[in-house]
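Letters A, B, ... mirror the listed sequences (proteins, then strands); counts begin at 1.
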Amino acid sequence: MQTSLGSSQSPQSPPPPPTKKPPNLPTFSNPSQLKQLHAHLLRSNQPLTLLSPSQITSVCSSSSSSFNYANLLLTHSFKNPLIVLWNSPLKSLSDSPSPSSALSLFSLLRRADLLPDTFTCSFVLKACSALTDLITGKTVHALVEKLGFRSDLFLSNTVLHMYASCGSLGNARLLFDKMPNRDVVTWNLLMTNLAKAGDLASARSLFDDMPERSVRSWTAMISAYVHFGDPDEALCVFAMMEDEGVIAPNEATVVTVLSACADSGALCVGKRLHAYSDRKGFLRRGNVRLQNALIDMYVKCGCVDEARRVFTSMGERTVVTWSTMIGGLAMHGQGEEALELFSGMTRLGFQPNGVTFLGVLHAYSHMGLLDEGRRFFKSMGEDHGVVAEIEHYGCMVDLLSRAGRLHEARELIEQMPIEPNSVVWGTLLGGCRVHKNAEMAEEAIGRLVELDPMNDGYYVVLSNIYAEAGRWADVAHVRRAMRARGVRKTPGWSSIEIDGGSGGGVHVFVAGDSTHDRAKEIYETWDELLGELRQRGYVADTREVLLDMEVEEEKVKVLYKHSEKLAVVFGLLSTPKGATIRIMKNLRVCNDCHNVMKLISKIENRKIVVRDRNRFHCFEGGLCSCGDYW
DNA sequence: TCACGAGTTA
């Protein structure tokens, strides 16, 4: 028994396997049990080394009296450097939900004159980071310097991390500049924290200057661009990474780049990453986050069937998986299936969260199921305990106002317990456009001008409403107001990605575009197609043309050059017969383009998927998945 | 004791 205890005391040797544990090794789980045991050992003349020193520190780390008692006991009975024994509870406290107890223990250590080692410092710094306690962090940094640990690279990185976590990027930079050695972690730390603070330019220049980059450096840079809404730049950095070919993307990289693909609609890159993940065995290992990212990418690139395939193949799912798929189906106008999935997940015992409910509410909204949606909104709080947030109210406003209940929608906005934002009022404005209610639109725009004065979209919707009603003086008035405020209409564009070699890649069109290599061919084909459309009874719908033109012909000319029309014609020219055409738009699709897409899908026997600002339209056989309700 | 840096849904 003595010998086996002796070996378990030594910190170098591994703990004995549980089966070899002596059956009557004294254990204790609090200081008073320890004291009883201590007394018992003294009385029965047994050695105090029967007590496990690490158990002593872990049980006695939370109060000053037990600390002092344990410290005395350890000093007299054990030869180990005490600090090593105290580091262990210090580490677990700094990892715990209340890291401040690590700081309390640290001050007891200091008062007991125990000299911290590098481990002590790093654990305390970790607690400071978690608590964003800059004051204590600075004290520990000073101590690190005083104790001569400056050249410990790992510890210096931990100090840098502490400054960054406490929001003191100035100190982080200062430390970075005077560090005698830096490694790739040092660079990554400063770079990611600059990026997190929104200083993408500094982060990028640091990234460009790095003497060496790890897979984390690349992932962090890509992630920063995705996070700040520049997925195209994120994809550029990823392309650089592939060109260099030094470092292979890992699972985290793939997840990040997939979200860039989702945001920018880069289906080709997304598909390639899917194949890559398969080859690398990422999917076999059942990485749920990666599969979730794949579902999201396919959904947002207009391939809901492919998304469903990934979803079905998954052995393990999380609430994120379900929410992504439900929201994706809703976005694609497949509301019934979204609702079925919701029942499925609750049947399986998954607890839906706020995001799940948003997806379901979207589904109701797209299906125009007013009463069901209302009931669901109520049950969300009552049966599932999920508190409605502003996005949920936004969905309800959408549901009500698109169903024509504009007054109820406005009432909801006034009664909601959260201060309504521009999105909520903008949603009501959208409903006003559908139901041609200029009066309420004016009220909504009144609020919007205060909440989000530089957003051109709202003015455009209002002037659409006036234009549809032929109120050209009011249209002009809105345009003057925009000019006066310096608001400019966002130019519309549509993009289409073509697979493969020459002519492959993303092609972007703006309205009236004549810069494309094949512009002449595009316009000629479009003219022919137009003839056929007219034969089938198509008449241009100029109600949404904003310009006050005397001649109807002029309006029609403007309409025919809308970017999505050019993109779809180019798609017809550049993809094999029968292939699906996928288009992305930065604005809402207009009525006339919606009609044209339906007809083209029928004439050319093609599936056309258009992603606009809010949702997807899938045109097939002359119909749209939105049921003309959008 | 074995420390610091990247990733999914609205």
Minimum-distance nucleotide (side-chain atoms of A/V185 versus B/dT9, B/dG5, B/dA10):
B/dG5
A/D117 near the nucleic acid: base, sugar-phosphate alone, or nothing, with a heavy-atom cut-off under 4.0 Å?
base
Base, sugar-phosphate alone, or nothing: which one does A/N287 contact when heavy atoms must sit under 4.0 Å apart?
base
NA contact type, A/D296, heavy-atom cut-off 4.0 Å: base, sugar-phosphate, or nothing?
sugar-phosphate
Closest to the A/F154 side chain, choosing from B/dT9, B/dT1, B/dC4
B/dC4
Candidate nucleotides B/dT1, B/dA6, B/dC4, ranked by approach to the side chain of A/H161 - the nearest
B/dC4
Output for pair (A/K126 NZ, A/F123 CZ), nearest 0.5 Å, gives 8.5 Å
The side chain of A/T324 lies closest to which of these nucleotides: B/dT8, B/dT9, B/dA6?
B/dT9
Classify the nucleic acid contact of A/S214 as base, sugar-phosphate or nothing, counting any heavy atom under 4.0 Å across all strands shown.
base
Nearest to the A/R289 side chain among B/dC2, B/dT8, B/dC4, which nucleotide is it?
B/dT8
Against the side chain of A/L189, the closest entry in B/dG5, B/dT1, B/dA10 is B/dG5
By a strict heavy-atom criterion of less than 4.0 Å, which residues belonging to residues 249-261 of chain A are in contact with DNA chain B?
A/N250, A/E251, A/A252, A/V255, A/T256
Sugar-phosphate, base or nothing in reach of A/F123, heavy atoms under 4.0 Å
base
State which residues pass ring pair (Phe, Tyr, Trp, His ring centres under 6.0 Å) with A/H392; sequence neighbours excluded, sorted by chain then number.
none
What donor-acceptor contacts under 3.5 angstrom involve side-chain atoms of residues 339-351 of chain A, with partners at least two apart or in another chain?
| unit_1 | atom_1 | unit_2 | atom_2 | d |
| --- | --- | --- | --- | --- |
| A/S343 | OG | A/L339 | O | 3.1 |
| A/T346 | OG1 | A/F342 | O | 3.2 |
| A/T346 | OG1 | A/S343 | O | 2.9 |

Out of curiosity, A/S202 OG to A/F207 CZ, how far, rounded to the nearest 0.5 Å?
15.0 Å
Mind checking if A/T118 touches a base, just sugar-phosphate, or nothing, with heavy atoms under 4.0 Å?
base
